[in-house]
Every structure is written in structure tokens, then in C-alpha cells.
Undergrad: 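Here it is: the structure, laid out below.
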Amino acid sequence: MSKQMQISVPIRAPSWVSTRRIFQQKLQDLHKCTNLNHIKQVHAQILKQNLHQDPYVAPKLISAFSLSQQMALAIYVFKQIPDPNVHLYNTFIRACVQNSLSLLAFETFFEMQRNGLFADNFTYPFLLKACNGQSWLPLVKMIHNHLEKYGFFQDLFVPNSLIDSYCKCGLLGVKSAMRLFMAMDERDVVSWNSMIRGLLKVGELSEARKLFDEMPMKDAVSWNTILDGYVKAGEMNKAFGLFESMPERNVVSWSTMVSGYCKAGDMEMARMLFDRMPVKNLVSWTIIVSGYAVKGLAKDAIRSFEQMEEAGLKPDDGTVISILASCAESGLLGLGKRVHTSIERIRYKCSVNVSNALIDMYAKCGQVDRALSVFNGMLKKDLVSWNCMLQGLAMHGHGEKALQHFSRMRQEGFRPDKVTLVAVLCACVHAGFVDKGIQYFNNMERDYGIVPHIEHYGCMVDLLGRGGRLTEAFRFVQSMPLEPNVVIWGTLLGACRLHNAVGLAEEVLDYLVKLEPSDPGNYSLLSNIFASVGDWSNVANVRLQMKNFGIQKPSGASSIEVDDEVHEFTVFDKSHPKSDKIYRMINRLGLDLKRVHVVPKVYL
DNA sequence: AGTTCATAAT
């Protein structure tokens with residue numbers, strides 16, 4: 001540096017102090033801003049001014065990117081900071097949790113510790129949230145230890161959150177929660193409620209009831225929690241008794257009861273309670289619409305949905321997703337479309353989750369093209385979107401297309417999860433790509449780091465079985481590292497029926513009956529196998545065996561939706577007013593099929 | 001920079 005140069009530069013505050021003041025206004029509300037373009041603009045200006053490492057600026061940017069679900073950019077901003085302080089770490093951990101990057105949240109936490117920084121009372125609640133839905137019992141325990149060690153236990157909020165997080169980790173977690181709960185010298189109503197909820201989650205209804213009776217102070221949540229316990233256990237009579245004896249009933253109490261009757265299939269009772277509700281909210285309407293939808297009562301479901309809109313309620317994401325899921329379950333395309341148009345009227349574009357629900361609904365209702373058009377119209381897709389679409393293609397036998405979809409998905413940088421691989425294997429099953437499927441299965445751990453789950457083994461049994469490689473399938477089941485379940489044996493039995501493998505079928509049924517002795521479906525399958533090879537004496541034997549066990553076969557029914565009405569029919573059903581015409585049509589179809597040498601099989 | 005528990009849910 002020359003002497004002249006030093007002299008010519010006047011002494012003043014570093015340039016960023018003044019430019020920062022200019023940004024102050026812009027940054028004020030940036031962390032609440034959802035307009036991505038605006039954030040990106042500000043980001044560009046900040047980079048230009050070299051302010052991106054400023055301890056005031058960086059957290060605002062990270063929060064803003066996190067809120068508009070741009071974690072890639074948030075990570076980019078965070079990584080450019082050489083020595084983040086605790087505040088910055090907290091901001092970034094919160095961003096990870098908000099975007100369900102739980103693993104990254106913990107990695108960041110450990111990095112923070114390696115850098116010699118201590119987590120504070122802001123960090124731990126975020127970390128607990130990251131554990132939600134992950135069943136990370138050891139990590140919850142670790143957080144528990146830290147909180148105790150550093151004396152963060154003054155506020156009841158801390159142990160209460162711990163109880164809740166513990167209870168989300170299954171039976172062992174609930175036990176830990178109980179130990180903590182017992183050791184607490186002060187408890188508030190939330191502590192009790194959380195503990196009761198936890199016990200109910202692992203099916204300990206009587207334990208929960210004991211605790212409920214012991215409670216010194218019960219609020220509306222306590223009553224509703226235990227009420228839901230009885231409802232979930234299917235004990236509607238006890239639930240109703242409790243409901244009647246409640247000191248006060250709010251929307252949640254009423255909705256819980258309505259949902260219980262819907263699940264029990266008692267739509268009359270559900271509707272009666274629903275009509276008597278003093279206040280109805282979005283959740284209550286969702287429950288009744290879904291209730292009708294799951295039962296296939298398309299007309300009632302659509303009417304209720306319209307009533308909801310007439311009442312001035314606008315369905316939100318939860319409502320829409322829940323109703324669409326019910327449509328997918330029972331194939332109510334009519335209601336699904338109705339909901340779709342309603343969303344398009346209200347919103348300019350759907351959220352990712354809503355679009356995913358739409359894809360799933362269209363695919364499950366057999367409308368792969370519509371599913372594809374929703375999928376292609378999405379600006380931002382997540383793993384669930386790709387998985388739903390993949391499943392839809394696979395389910396309807398578009399094996400080739402599904403595998404193309406799978407490779408496109410990897411090209412766009414998505415990491416396949418276990419659901420993806422089930423769909424891929426399913427695609428191979430339905431397209432008859434036996435060897436390709438075996439290859440995917442054998443390499444899934446190496447290529448994608450996914451250890452095969454029971455579902456993947458099920459796909460393999462289906463793949464080999466349908467492909468006619470029955471002995472191979474049987475040997476595969478016997479050599480599985482996991483205990484074969486009902487689905488596995490059932491799949492194999494189905495394959496036996498497909499290929500009339502009577503001997504193997506009997507062997508498989510032995511295993512199946514051991515696991516599920518009273519399931520009529522198993523016997524029907526075997527009886528059908530005997531029937532298909534003309535072994536009528538054995539058909540009679542199986543029927544007799546069923547009778548001895550007191551098992552009745554429910555007649556399987558098919559259904560078809562015409563003009564928003566679902567028609568259900570069974571074998572030899574003559575109950576329809578136009579039954580004559582229908583059977584004349586069936587006979588004609590049978591003749592047409594014979595002409596092209598297709599012989600339909602008739603099962604009992 | 002932020003709080004916990006109850007009804008629908010991809």
C-alpha cells in the first residue's frame with residue numbers, strides 16, 4: 001500500500017454501518033414476508049452491499065426463506081457465516097424444524113456444541129419439536145438431561161413439553177413420561193392432560209381413566225381427552241354416558257362424539273348429534289362430510305359439503321385434505337371433483353399438500369390423467385407428490401411410465417424413500433417386470449440406503465407369485481429375515497389361486513390360519529382354488545371347516561358410481577329394479593368375450 | 001427468537 005493512498009481515504013465508520021441503516025426499514029418485516037421475489041431482491045441487494053454476514057441481517061433472511069419454504073436458500077445463507085452466534089444457530093435450527101428437516105436441526109445443534117457454544121432456553125423447545133413424529137426417544141432423553149443439568153426446569157412449560165415429546169415415542173416413551181410426571185413436585189392441568197393423552201395413545205384406557213379420576217382440577221380439555229379415549233376404543237355407549245355427564249360441552253366434545261358415530265358407521269346417530277350441535281366449525285363439517293364419504297354415501301356427502309359452504313365456511317387445507325382422503329378411500333370421484341372446483345374458486349393456487357391429496361384422490365379413483373395434470377401443474381413438488389403420482393401410475397398398470405417417472409424424479413434430485421420403493425416394486429408387479437423388480441429389491445439398500453421393510457418383501461412375494469415362480473416365492477418367504485405376516489401369506493395364497501397351485505395353497509393356508517384363524521377370506525380363497533380345479537369334495541370340506549369354526553363369509557360386494565350415487569352389488573344380485581336388463585347385458589358381454597377367446601372364471 | 005394438552009389430516 002502506498003502512503004498516498006492511506007492519506008486520501010478519510011477516516012469514517014465502516015461503510016456497512018450507513019448502508020445497514022438504509023436496509024433497516026426493509027429488514028424490519030422481512031422475516032414475516034412471504035413474497036419470494038421480494039425476499040430474493042433484498043437478498044441480492046444485501047449480497048451486493050456485502051451485508052450477508054451481519055448478525056442483524058442474516059437471521060432475518062434465514063427466517064424469511066424458511067417461511068417461504070426455501071430451505072436451500074436458507075442453508076446457503078447460513079453456510080456463508082464463518083462464526084455463527086447462538087442467536088443465529090437458534091434461528092437456523094428453528095428454520096429446519098419449520099421445514100421438517102429434523103435431522104439437520106440436530107446436526108446443527110451438535111455442530112454448535114462442537115464450536116463451544118451452549119444451547120439456551122430458546123434452543124431446546126425447537127429441538128423437542130424436531131423430535132415430533134420421529135420417535136427419537138434417545139434424543140428426547142438427551143434433551144431431558146441437558147435441561148436438568150443446566151437448570152432450565154423453573155417453568156412448568158419445560159417438563160410439560162418433555163412429557164408430550166416422550167409420549168410421542170411409543171410405549172417406552174410413555175413410561176419415561178410417567179416417571180417424570182411422578183417425580184414432578186408441581187403439576188398443572190396441562191401436565192395431567194398430556195400424561196392422560198400419552199396413556200391413551202398406547203391404548204392404556206383404564207390407566208388413563210384412573211389418572212383422570214385422580215385429577216384435582218379438570219378443564220374442558222381433560223374431559224374431551226378422556227371422551228376421545230372411549231371413542232377411539234369404539235366404546236360409544238360409555239362415551240355417550242360420559243358426554244351426558246360432562247359439566248359443559250364445547251364444539252370439540254360434540255365433534256368427538258359425531259366422529260365416533262361416523263367411525264362406528266352409525267350415520268343416523270352422527271347426523272342427529274350434528275344437527276343438535278349449538279356451534280359448528282370447519283372441523284365438525286369436515287367430520288360429517290368425510291363420514292358420509294367413507295361410507296360411500298356420495299349424495300349425502302355432497303349435500304353436506306354444499307351446506308357447509310352455504311353456512312359461509314370456507315374449507316381450509318385441513319378440511320380439503322381430509323375430505324379428499326375419504327374420497328380416495330371409497331372412490332367418490334364426484335365429491336372429489338366437487339371439492340376440486342371449490343378449491344379453485346377460493347384459491348388462486350393450492351398448497352403442496354392439497355395438490356398431493358388431489359393427485360392421490362384422482363389416482364385412487366382411476367383418473368390417472370387428471371392426477372397427472374394436477375401433478376404437472378404444480379410449481380413446487382415434494383417427495384409426497386412424486387410418490388403419490390408414482391403409486392397412481394403403478395397401481396393402474398402403467399409400469400413403463402411409472403419407471404420413467406421414477407428416473408425423472410431422481411434426475412430432479414429427489415431421494416427415494418421407502419414409499420417410493422414400494423411403488424417402484426408395485427409397478428414391476430403390475431407390468432410383469434419380474435427380473436427388473438428383483439434387481440431393484442436386491443440393490444435398494446446399496447443404491448438408496450433403504451433397508452427393505454415388510455411391505456417390500458410383500459411386493460417381492462407378489463412379483464414372484466404372479467409371475468408364476470411359486471416355489472421361488474415360497475422359499476423367499478421362508479428365508480425372509482422378518483417374520484412373515486398375514487399380508488405376506490395372503491399374497492402368496494392369492495398367487496396360488498391365480499396359478500391353481502392346490503398343494504402349495506393348502507400349505508400356505510396352514511400358516512395363515514395360525515396367524516388369523518377366524519378370517520373368512522382365507523378359507524374362501526382356498527375354496528375357490530379347489531373349485532377352479534373342479535375338486536368339489538374339497539370345496540365342501542373347506543365350507544364345513546368354516547361352519548365348524550363358526551365363520552361366515554361376508555359376501556364380497558362391488559360398487560359403481562353413477563350420477564353421484566353409489567350402487568353396490570353382489571354375486572347373483574337381483575335386487576336392482578333394472579336387474580333383467582343388466583343381466584341381459586352381462587350375457588351379451590360374456591358372448592363377446594367368448595368370441596375373442598376369453599373365458600371368464602366364476603368364483604363362489 | 002417462543003411455548004406446551006382436546007376434534008378432521010396427505
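Letters go in sequence order (proteins before strands), and every chain restarts at 1.
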Undergrad: Among the candidates B:dA8, B:dT10, B:dG2, find the nucleotide nearest to the side-chain atoms of A:Asp316.
TA: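 In terms of side-chain proximity for A:Asp316, the closest of B:dA8, B:dT10, B:dG2 is B:dA8.
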
Undergrad: For A:Asn356, which contact category applies under a 4.0 Å heavy-atom criterion: base, sugar-phosphate, or nothing?
TA: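 The residue A:Asn356 makes no contact with any strand.
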
Undergrad: For the side chain of A:Ser194, counting heavy atoms from C-beta on, which of B:dT3, B:dC5, B:dA8 is nearest?
TA: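 Closest nucleotide among those given: B:dC5.
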
Undergrad: Should A:Lys210 and A:Glu207 count as an ion pair when the cut-off is N to O under 4.0 Å?
TA: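 Here A:Lys210 pairs with A:Glu207 in a salt bridge, since their nearest N and O are under 4.0 Å apart.
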
Undergrad: Can you see whether A:Tyr448 has A:Arg415 sitting over its ring - NZ or CZ less than 6.0 Å from the centre and within 45° of the normal?
TA: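 No.
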
Undergrad: Nearest-Å distance, CG (A:Asn281) to C1' (B:dA8)?
TA: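 It is 10 Å, rounded to the nearest whole Å.
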
Undergrad: Whole-Å distance between B:dA6 C1' and A:Lys168 NZ?
TA: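 In whole Å, B:dA6 C1' and A:Lys168 NZ are 13 Å from each other.
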
Undergrad: Taking the side chain as every heavy atom from C-beta outward, state whether A:Leu333 and A:Lys337 have any atom pair closer than 4.5 Å.
TA: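 They are in contact (side-chain heavy atoms under 4.5 Å apart), so the answer is yes.
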
Undergrad: Quick check for you: among B:dT7, B:dT3, B:dA6, whose closest atom lies nearest to any side-chain atom of A:Ile287?
TA: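 Shortest atom-to-atom distance from the side chain points to B:dT7.
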
Undergrad: Give the rounded distance in Å between these two atoms: CG of A:Leu227 and C1' of B:dC5.
TA: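 It is 15 Å, rounded to the nearest whole Å.
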
Undergrad: Using whole Å, what does the distance between atom P of nucleotide B:dT7 and atom CD1 of A:Ile288 come to?
TA: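 It is 18 Å, rounded to the nearest whole Å.
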
Undergrad: Mind calculating the distance between CE (A:Met112) and C1' (B:dA1) to the nearest angstrom?
TA: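 Going from CE in A:Met112 over to C1' in B:dA1 covers 12 Å.
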
Undergrad: In terms of side-chain heavy atoms of A:Val283, which of B:dT4, B:dG2, B:dT7 is nearest?
TA: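 For the A:Val283 side chain, the nearest candidate turns out to be B:dT7.
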
Undergrad: Indicate, with a heavy-atom threshold strictly under 4.0 Å, whether A:Asn250 touches base, sugar-phosphate, or nothing.
TA: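 Since a base atom lies under 4.0 Å of A:Asn250, the category is base.
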
Undergrad: When all nucleic acid strands are considered with a 4.0 Å heavy-atom cut-off, which category describes A:Ser165: base, sugar-phosphate, or nothing?
TA: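 Result for A:Ser165 = nothing.
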
Undergrad: Regarding A:Arg338 and A:Glu306, does a basic nitrogen lie under 4.0 Å from an acidic carboxylate oxygen?
TA: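 Counted as a salt bridge, because a side-chain N and a carboxylate O are separated by less than 4.0 Å.
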
Undergrad: So, is A:Arg197 near the phosphate of B:dC5, with a side-chain N or O under 4.0 Å from OP1 or OP2?
TA: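 Indeed not, no polar side-chain atom of A:Arg197 lies that close.
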
Undergrad: Quick check for you: among B:dA6, B:dG2, B:dT10, whose closest atom lies nearest to any side-chain atom of A:Arg94?
TA: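 Given the options B:dA6, B:dG2, B:dT10, the side chain of A:Arg94 is closest to B:dG2.
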
Undergrad: Among B:dT4, B:dA1, B:dT7, which nucleotide sits nearest the side chain of A:Lys60?
TA: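 Output: B:dA1.
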
Undergrad: Does a side-chain N or O of A:Lys232 approach OP1 or OP2 of B:dA8 to a distance below 4.0 Å, or not?
TA: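 So the side chain of A:Lys232 is within the cut-off, an N or O lying under 4.0 Å from OP1 or OP2 of B:dA8.
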
Undergrad: Looking only at the side chain of A:Ser322 (C-beta and beyond, no hydrogens), which of the listed nucleotides B:dT10, B:dA8, B:dG2 gets closest?
TA: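 Of the options given, the side chain of A:Ser322 lies nearest B:dA8.
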
Undergrad: Scan A:Ser290 against the nucleic acid and name what it touches under 4.0 Å (heavy atoms): base, sugar-phosphate only, or nothing.
TA: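 Nothing, no nucleic acid heavy atom in range.
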
Undergrad: What is the distance, to the nearest angstrom, from the CG atom on A:Leu324 to the P atom on B:dA8?
TA: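 Interatomic distance, CG of A:Leu324 to P of B:dA8: 17 Å.
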
Undergrad: Would you mind telling me which of B:dA6, B:dG2, B:dT4 lies closest to the side-chain atoms of A:Val221?
TA: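 Closest nucleotide among those given: B:dA6.
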
Undergrad: Is any side-chain N or O of A:Arg249 closer than 4.0 Å to OP1 or OP2 of B:dA6?
TA: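 No, outside the criterion.
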
Undergrad: For A:Ser255, answer base if it contacts any base atom (sugar-phosphate contacts may also be present), sugar-phosphate if it contacts only those atoms, and nothing otherwise; contact means non-hydrogen atoms under 4.0 Å.
TA: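 Here A:Ser255 touches the bases of the nucleic acid.
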
Undergrad: Which part of the nucleic acid, if any, lies within reach of A:Thr256 when heavy atoms closer than 4.0 Å are counted: base, sugar-phosphate only, or nothing?
TA: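 Counting heavy atoms under 4.0 Å across all strands, the contact made by A:Thr256 is with sugar-phosphate only.
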
Undergrad: Find the distance A:Phe243:CZ to B:dT7:C1' and express it as a whole number of Å.
TA: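 One finds 12 Å between C1' of B:dT7 and CZ of A:Phe243, rounded.
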
Undergrad: How many Å lie between NZ on A:Lys129 and P on B:dT4, as a whole number?
TA: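 So the NZ-P distance, A:Lys129 to B:dT4, works out to 7 Å.
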
Undergrad: Report which part of the nucleic acid A:Asp219 touches: base, sugar-phosphate, or nothing (heavy-atom distance under 4.0 Å, all strands).
TA: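 Nothing: the residue A:Asp219, judged by heavy atoms under 4.0 Å, touches no strand.
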
Undergrad: Under 4.0 angstrom, heavy atoms only, what part of the nucleic acid is A:Val190 near: base, sugar-phosphate, or nothing?
TA: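 If one applies the 4.0 Å heavy-atom cut-off, A:Val190 turns out to touch a base.
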
Undergrad: Would A:Glu309 and A:Arg345 pass as an ion pair if we require N to O under 4.0 Å?
TA: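 Counted as a salt bridge, because a side-chain N and a carboxylate O are separated by less than 4.0 Å.
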
Undergrad: To the side chain of A:Phe122, which of B:dA8, B:dG2, B:dC5 is closest?
TA: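 When the side chain of A:Phe122 is considered, B:dG2 is the closest of B:dA8, B:dG2, B:dC5.
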
Undergrad: So if I take every side-chain heavy atom of A:Thr225 and compare against B:dT4, B:dA6, B:dT7, which nucleotide ends up nearest?
TA: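 Of all the options, the side chain of A:Thr225 is nearest to B:dA6.
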
Undergrad: NA contact type, A:Asp120, heavy-atom cut-off 4.0 Å: base, sugar-phosphate, or nothing?
TA: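 Base contact - A:Asp120 has a heavy atom under 4.0 Å of at least one base atom.
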
Undergrad: Going by the side-chain hydrogen bond (donor to acceptor under 3.5 Å, both in side chains) test, name the single residue among A:Asn224, A:Asp219, A:Asp164, A:Thr225 that passes it with A:Asn193.
TA: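 Testing A:Asn193 for a side-chain hydrogen bond (donor to acceptor under 3.5 Å, both in side chains) against A:Asn224, A:Asp219, A:Asp164, A:Thr225 leaves exactly one candidate, A:Asp219.
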
Undergrad: Assess the pair A:Trp285 and A:Phe305: is the distance between their ring centroids shorter than 6.0 Å?
TA: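 Not close enough - the centres of the two rings lie 6.0 Å or further apart.
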
